[in-house]
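All remarks here apply to the structure that follows.
The structure presented is a predicted model; accordingly, all values stated were derived computationally and were not measured.
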Amino acid sequence: MDFSFLFIEWLSKPIWMWLGFITLVIAILSFDLGVLHKENKEIEVGESIKLSALYISLGLAFGGWVWWYLGADAGLAYMTGFVVEKTLALDNVFVIALIFSFFAVPRLYQHRVLFWGILGVIVLRAIMIGVGATLVAEFSWLLYIFAAFLVVTGLKMLFMKEADPDISNNALVRFMRNRFNVTEGHHGEHFFVKQADPKTGKLVWFITPLFMALVLIEVADVIFAVDSVPAIFAITTDPFLVYTSNIFAILGLRALYFALAAMIHRFRYLKPALAVVLIFIGSKVFVADLLGLEKFPAAFSLGITFAIIATGVIWSLVKTRGEPVPAE
């Protein structure tokens with residue numbers, strides 16, 4: 001059999017690298033769902049932290065391979081992207097917690113929703129990154145648009161107070177309730193169930209609040225991707241590094257959610273730190289041009305990014321130490 005096609009370049013990397021990464025992701029998810037969580041169960045904080053550590057280790061290990069195989073610059077770009085995307089992904093936790101609370105999703109089924117949510121994210125991010133990579137390759141000036149967008153977004157996050165989203169008045173929620181049959185309560189782990197139509201008495205399909213929560217989580221990720229995709233392209237334009245750092249950052253979010261959801265109130269200063277990170281990532285594109293550099297040094301980029309995020313996390317934990325957990 002001729003395997004020469006595996007060495008054909010697609011989006012700047014041989015096909016075998018893309019297939020290898022996709023196979024790795026499938027293996028990780030299969031192990032997670034088929035072995036670790038074969039049955040629905042509540043994930044305790046301790047287990048969540050252990051699983052998160054495993055996923056972070058896998059992401060860092062892949063970064064080590066990138067460093068070894070593609071070189072130090074690629075390794076540093078991947079690591080910077082991984083740290084930034086991981087931190088931006090943490091912001092999703094705040095919204096996911098609100099969605100689960102609004103739909104009263106039992107902890108027993110939250111892992112199932114997040115698992116299918118991650119699968120959707122993998123596909124959606126692939127589409128967005130593929131489109132972004134194509135546009136950047138054709139129109140290099142788009143990088144400056146991305147960079148300016150990040151700076152403006154960061155400044156808005158710093159100086160404009162954001163209210164929690166009002167899910168009850170969400171247009172998508174109203175649309176689903178008006179256009180589809182929706183059950184009043186949950187039906188175990190099911191997204192769809194057959195019930196008698198109140199008007200005709202015939203058995204028809206209904207969607208459950210569990211499915212509505214899944215849809216909102218997917219849409220929320222698309223909204224968050226508007227920030228995260230430009231951020232990673234401002235770090236590197238290599239589609240392979242962009243996608244792999246994105247996916248590894250998101251893969252562990254499901255596991256980390258159950259630990260973070262219990263202590264969201266402790267990360268009060270994470271959002272300002274994220275804002276500063278976005279401003280830094282966007283501005284370094286212009287700084288590199290002003291200094292006559294081909295690009296901002298990758299080592300400095302990783303070091304500064306990590307320092308900003310670490311400061312935000314540590315400051316949050318110090319300032320909120322001893323505060324009671326807010327009542328739900």
Side-chain angles (χ1 to χ4, degrees), residues 6-7 10-37 43 45-90 92-93 111 114-115 117-119 121-123 125-126 129 133 228-229 231-233 235-260 277 281 297-310 313:
L6 293 175
F7 297 91
W10 184 68
L11 293 179
S12 81
K13 292 293 181 290
I15 288 178
W16 71 262
M17 290 181 65
W18 290 100
L19 290 177
F21 175 71
I22 292 171
T23 302
L24 177 62
V25 170
I26 291 173
I28 292 171
L29 291 176
S30 299
F31 178 74
D32 190 323
L33 187 64
V35 178
L36 297 180
H37 301 100
I43 297 181
V45 173
E47 182 184 357
S48 173
I49 293 173
K50 290 176 183 176
L51 284 173
S52 299
L54 174 62
Y55 274 107
I56 291 172
S57 298
L58 289 172
L60 294 177
F62 187 84
W65 176 83
V66 168
W67 194 306
W68 170 76
Y69 190 79
L70 298 177
D73 283 347
L76 286 168
Y78 169 89
M79 290 296 186
T80 306
F82 177 75
V83 171
V84 170
E85 293 299 322
K86 191 73 173 177
T87 310
L88 287 171
L90 296 182
N92 290 22
V93 171
H111 180 273
L114 291 173
F115 178 85
I118 291 297
L119 290 183
V121 168
I122 290 173
V123 175
R125 289 291 175 99
I129 289 170
S228 66
V229 171
I232 188 66
F233 272 110
I235 294 168
T236 176
T237 55
D238 185 323
F240 185 76
L241 299 181
V242 170
Y243 188 61
T244 54
S245 60
N246 244 267
I247 298 308
F248 262 117
I250 292 167
L251 276 177
L253 177 64
R254 185 179 69 263
L256 190 58
Y257 167 80
F258 296 96
L260 289 180
V277 166
I281 291 172
F300 284 107
S301 184
L302 176 59
I304 294 171
T305 299
F306 185 81
I308 294 171
I309 293 170
V313 170

For residues Tyr243 and Trp18, report the shortest heavy-atom separation together with the two atoms involved. CD2-CZ3, 4.0 Å

List the residues meeting ring-ring contact (aromatic ring centres under 6.0 Å, His included) with Phe248, not counting sequence neighbours, and say none if there are none. Phe21, Phe62

Answer yes or no: is there a side-chain heavy-atom contact under 4.5 Å between Lys86 and Ile309? no

Is there a donor-acceptor pair closer than 3.5 Å between any side-chain N or O of Thr305 and the backbone N or O of Leu302? no

For residues 55-69, pull every pair meeting salt bridge (Lys or Arg N to Asp or Glu O under 4.0 Å), keeping only residues two or more places apart or in separate chains. none

Steps toward side-chain contact (heavy atoms from CB on, under 4.5 Å) verdict (Ile28, Leu58): CA-CA 10 Å; Ile28 292 171; Leu58 289 172; 4.0 Å; yes

If I compare all heavy atoms of Leu29 with all of Phe115, which pair ends up nearest, and what's the gap? O-CE1, 3.8 Å

Pairs of donor and acceptor atoms involving the side chains of residues 65-82, under 3.5 Å and at least two apart or interchain, shall be tabulated with distances.
from	atom 1	to	atom 2	distance (Å)
Tyr78	OH	Gly59	O	2.8
Thr80	OG1	Leu76	O	2.8

Taking all non-hydrogen atoms of both residues, which atom of Phe233 and which atom of Ile129 are closest, and how far apart? CZ-O, 3.6 Å

Quick one: pull up CD1 in Ile235 and CD1 in Ile281 and give me the separation to the nearest 0.5 Å. 4.0 Å

For the residue pair Glu85 and Ala231, what are the closest heavy atoms and their distance? OE2-CB, 4.3 Å

Nearest 0.5 Å, what's the CG-CG distance between Leu251 and Leu51? 12.5 Å

Per side-chain contact (heavy atoms from CB on, under 4.5 Å), Asn246 is matched among Ile232, Val84, Ile122, Val121 by Ile232

Is any side-chain heavy atom of Arg125 less than 4.5 Å from a side-chain heavy atom of Ile250? yes

Going by the rule salt bridge (charged side-chain N to carboxylate O under 4.0 Å, His left out), which residues pair with Lys13 if we only count those two or more places apart in sequence or in a different chain? Asp238

Side-chain contact test, heavy atoms from C-beta onward, threshold under 4.5 Å: evaluate it for Val277 versus Thr87 and give yes or no. no

Thr23 OG1 to Leu19 CG distance, which is reported to the nearest 0.5 Å: 6.0 Å

